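Single-structure report; data block below.
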Amino acid sequence: MSGRMFVLADADSFYASCERVFHPELARRPLVVLSNNDGCVVSRSREAKLLGISNGTPWFKIRGQAQHDGVIARSSNYELYASLSRRMMRLMAAALPGQEIYSIDECFLRGFQDPQRTRIVCTRMRETVLQGIGIPLTIATAPTRTLAKIVSHYIKHQGGGIGDWDLLRSQEPDVLDRIDVSEVWGVGRRLTRKLQGMSITTAGDLARADPSRIRHLFSVLLQRTVLELQGIPSIELDDFDAIDGTRKQQLMCSRMFGQPITGLPDLSAAVSTYAQQASIRLRKQGSLAGMVTVFIATSPFNQDYQSRSGSIILTDPADDPLTIARAAVGTLPRMIDPHARYVRAGVMLGALTDAASYTTFDGMDAKRDNGLGTILDQANRKFGLQSVGIGWAGMKGKGRARQETGAAWNMKRHHLSNRGTTRWDELAVAKAR
DNA sequence: TCTGGGGTCCTAGGACCC
DNA sequence: TCTGGGGTCCTAGGACCC
């Protein structure tokens with residue numbers, strides 16, 4: 001091997017671990033974190049996993065049993081998780097080179113030529129993050145990212161810690177044959193079914209497949225996965241900060257409603273809100289949108305499920321919230337079914353271009369002349385997200401903090417913890433006696 | 001009663017051009 | 001009047017990830 005070792009650092013039960021940072025009494029208790037609207041389980045502490053609760057389970061289906069078992073539930077608190085994630089990532093970036101943030105709770109880093117040295121640094125990095133942030137990590141090293149993912153899965157099953165591919169393989173030469181093909185990074189449900197039909201059922205089977213045949217039958221993506229399983233690095237990530245640095249090619253803001261809504265007025269308010277949210281992120285990354293797409297959908301769990309979407313091309317690419325919200329709301333009249341009970345809507349901004357380099361033929365700036373977006377952004381920074389907006393009729397704050405409006409369709413978050421690192425009024429309180 | 005919210009990349013196929 | 005084949009661009013849809 002060339003010594004280009006990949007290090008994968010992945011937090012254990014990240015959201016659940018975050019909830020414990022300011023609530024040490026939750027340690028060793030079974031704990032689950034729920035998705036928006038308190039819908040599904042999205043993170044489980046080790047104790048909750050041992051109770052047999054799986055990810056993605058609808059909370060309403062297991063609530064009775066779970067509460068009987070002493071399981072504690074929390075609504076997801078992304079503000080807290082994002083803040084802890086940033087701190088954790090900074091500590092890791094200081095320990096090893098080449099950080100690529102892959103998701104809120106995991107990143108790839110580069111190891112050193114000397115595996116011994118890499119191991120020592122990884123051990124120290126794990127202790128630093130545990131002591132400094134309070135988040136336990138699993139750290140895996142391997143010659144490819146896909147193998148690092150395999151190692152990480154494997155040692156998480158053993159309770160976490162640190163693991164290395166070469167070491168693991170020398171101890172258990174047939175380890176890939178004992179891992180289901182569906183657990184391989186890049187192999188989802190559909191591919192699993194198709195592969196099984198070809199008698200490829202384990203990671204070992206896939207590693208022994210002929211890459212060019214796989215490319216023929218599937219795609220270049222799966223071919224790369226095969227090569228990676230064979231120890232040949234083939235997958236590149238955009239090595240930008242995936243959480244706040246990158247310029248996205250498409251921005252979406254969508255939500256399930258707290259309860260179904262019917263009719264144009266409510267739907268317009270929701271879509272307008274999401275459009276303004278999306279435009280905030282658009283301005284933050286310095287882009288203009290050339291297209292606005294809106295989708296609305298009823299519940300996919302009902303017989304009469306319907307989902308509609310409609311787009312509007314902006315002849316002058318825009319980033320100001322008025323233009324974008326108006327375009328988004330404008331798609332609704334021709335899509336809406338006046339009797340349907342909608343449970344979800346979303347706004348997508350596409351055909352993004354760089355605002356700084358965009359000029360029209362006569363050299364004037366595009367639709368960003370009134371400065372309203374900038375004022376809104378400043379107000380939102382100062383007074384909290386969503387404190388100011390357009391078309392918020394009848395949505396005065398009833399929630400705990402300013403940004404929680406009283407609209408019926410707003411998210412349900414009945415088990416929300418404090419945002420102790422980003423809100424002064426929700427700081428943790430320590431008492432000394 | 002009650003089932004998340006973002007993203008990315010690839011491929012196939014149509015439109016158009018020479 | 002007749003018309004092949006290849007390149008490129010775009011979009012919709014599929015599949016995956018956390």
Side-chain angles (χ1 to χ4, degrees), chain A residues 8 10-11 13-15 32-43 54-64 66 73 75-78 81-82 85 100-108 145-146 149 152-153 181-195 214-225 234-238 240-244 246-260 274 277-278 281 285 290-291 293 295 297-302 305 307 309 311 313 341 343-352 411-415:
Chain A
L8 170 62
D10 188 353
S13 309
F14 182 58
Y15 297 166
V32 297
V33 176
L34 306 177
S35 65
N36 282 338
N37 277 316
D38 296 340
C40 301
V41 173
V42 292
S43 178
S54 43
N55 247 347
T57 314
W59 176 235
F60 77 90
K61 281 190 179 171
I62 59 166
R63 184 170 46 209
S75 304
S76 38
N77 185 345
Y78 289 105
Y81 312 151
S85 171
E100 299 161 323
I101 297 176
Y102 181 62
S103 74
I104 193 165
D105 74 327
E106 68 190 297
C107 67
F108 290 101
R145 296 183 177 88
T146 303
K149 281 280 196 181
S152 179
H153 267 281
V181 74
S182 63
E183 303 208 351
V184 175
W185 190 40
V187 178
R189 262 215 318 277
R190 302 293 287 264
L191 283 179
T192 299
R193 220 182 310 149
K194 194 167 167 192
L195 286 166
I214 291 291
R215 174 171 191 158
H216 238 86
L217 293 171
F218 296 88
S219 72
V220 64
L221 289 170
L222 194 60
Q223 178 192 32
R224 289 180 192 149
T225 298
S234 309
I235 296 176
E236 295 296 328
L237 298 179
D238 288 335
F240 284 99
D241 179 336
I243 287 179
D244 5 70
T246 330
R247 182 167 287 181
K248 303 279 196 300
Q249 297 168 26
Q250 178 182 313
L251 291 171
M252 170 155 67
C253 178
S254 90
R255 295 277 181 283
M256 303 276 307
F257 305 134
Q259 60 185 65
Y274 303 160
Q277 275 302 114
R281 284 192 273 151
Q285 73 164 20
M291 186 166 70
T293 303
F295 67 87
T298 62
S299 171
F301 302 98
N302 286 349
Y305 170 64
S307 167
S309 74
S311 299
I313 308 248
R341 291 157 49 82
V343 301
R344 175 190 180 85
V347 174
M348 260 180 289
L349 304 182
L352 305 190
M411 278 198 285
K412 276 188 291 195
R413 296 205 287 179
H414 292 319
H415 312 279

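Quick caveat: nothing in here was measured; it's all calculated off a predicted structure. Below, chain A is the first sequence line, B the second, and so on; all start at residue 1.
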**Q.** Sugar-phosphate only, base, or nothing, as touched by A/R215 at under 4.0 Å among non-hydrogen atoms
**A.** nothing
[X]: side-chain contact (heavy atoms from CB on, under 4.5 Å) partners, not counting sequence neighbours:
X	value
A/I62	A/V41, A/I53, A/T57, A/W59
A/C253	A/R255, A/Y274, A/Q277, A/A278, A/R281
A/E183	A/H153, A/I179, A/D180
A/L191	A/V187, A/F218, A/L222

Separation of [X] atom [atom1] from [N] atom [atom2], in whole Å?
X	N	atom1	atom2	result
A/Q285	B/dG6	CD	P	14 Å
A/K248	B/dC9	NZ	P	11 Å
A/Y274	B/dG6	OH	C1'	14 Å
A/Q223	B/dC9	CD	C1'	15 Å
A/L349	B/dT8	CG	P	13 Å
A/L222	B/dC9	CG	P	18 Å

Identify all pairs in which a protein N or O lies below 3.5 Å from an N or O of nucleotides 1-4 of chain B, and state each distance.
from  : atom 1 : to    : atom 2 : distance (Å)
B/dG4 : O4'    : A/S35 : OG     : 3.0

Q: Could you give the distance separating B/dC2 and C/dC18 at their P atoms, to the nearest angstrom?
A: 30 Å
Q | Phosphate contact (B/dC9 OP1 or OP2) by A/Q249 side-chain N/O below 4.0 Å | A | yes
Q. Can you find a side chain N or O atom of A/R281 that sits less than 4.0 Å from OP1 or OP2 on B/dG7?
A. yes
Q. Hey, does the side chain of A/T146 reach the backbone of A/T225 with a donor-acceptor pair shorter than 3.5 angstrom?
A. no
**Q.** Secondary-structure notation, DNA chain B, from Watson-Crick and G-U pairs under 3.5 angstrom (| other strand)
**A.** ....||||||||||||||
Q: Name all residues meeting the side-chain hydrogen bond (donor to acceptor under 3.5 Å, both in side chains) criterion together with A/R344; count only those two or more places apart in sequence or in a different chain, and write none if there are none.
A: A/S254
**Q.** Contacts of type side-chain hydrogen bond (donor to acceptor under 3.5 Å, both in side chains), residue A/S234, not counting sequence neighbours
**A.** none
Ring pair (Phe, Tyr, Trp, His ring centres under 6.0 Å) partners of [X], counting only residues at least two apart:
X	answer
A/Y15	A/Y78, A/Y81
A/F295	none
A/Y305	none

Q: Show your reasoning for whether side chain to side chain contact (heavy atoms under 4.5 Å, CB included) applies to A/N302 and A/R341.
A: CA-CA 10 Å; A/N302 286 349; A/R341 291 157 49 82; 5.8 Å; no
Q: Summarise protein proximity over nucleotides 11-18 of chain C in one line of letters, 5' to 3': B for base, S for sugar-phosphate only, - for none, counting protein heavy atoms closer than 4.0 Å.
A: ----SSSS
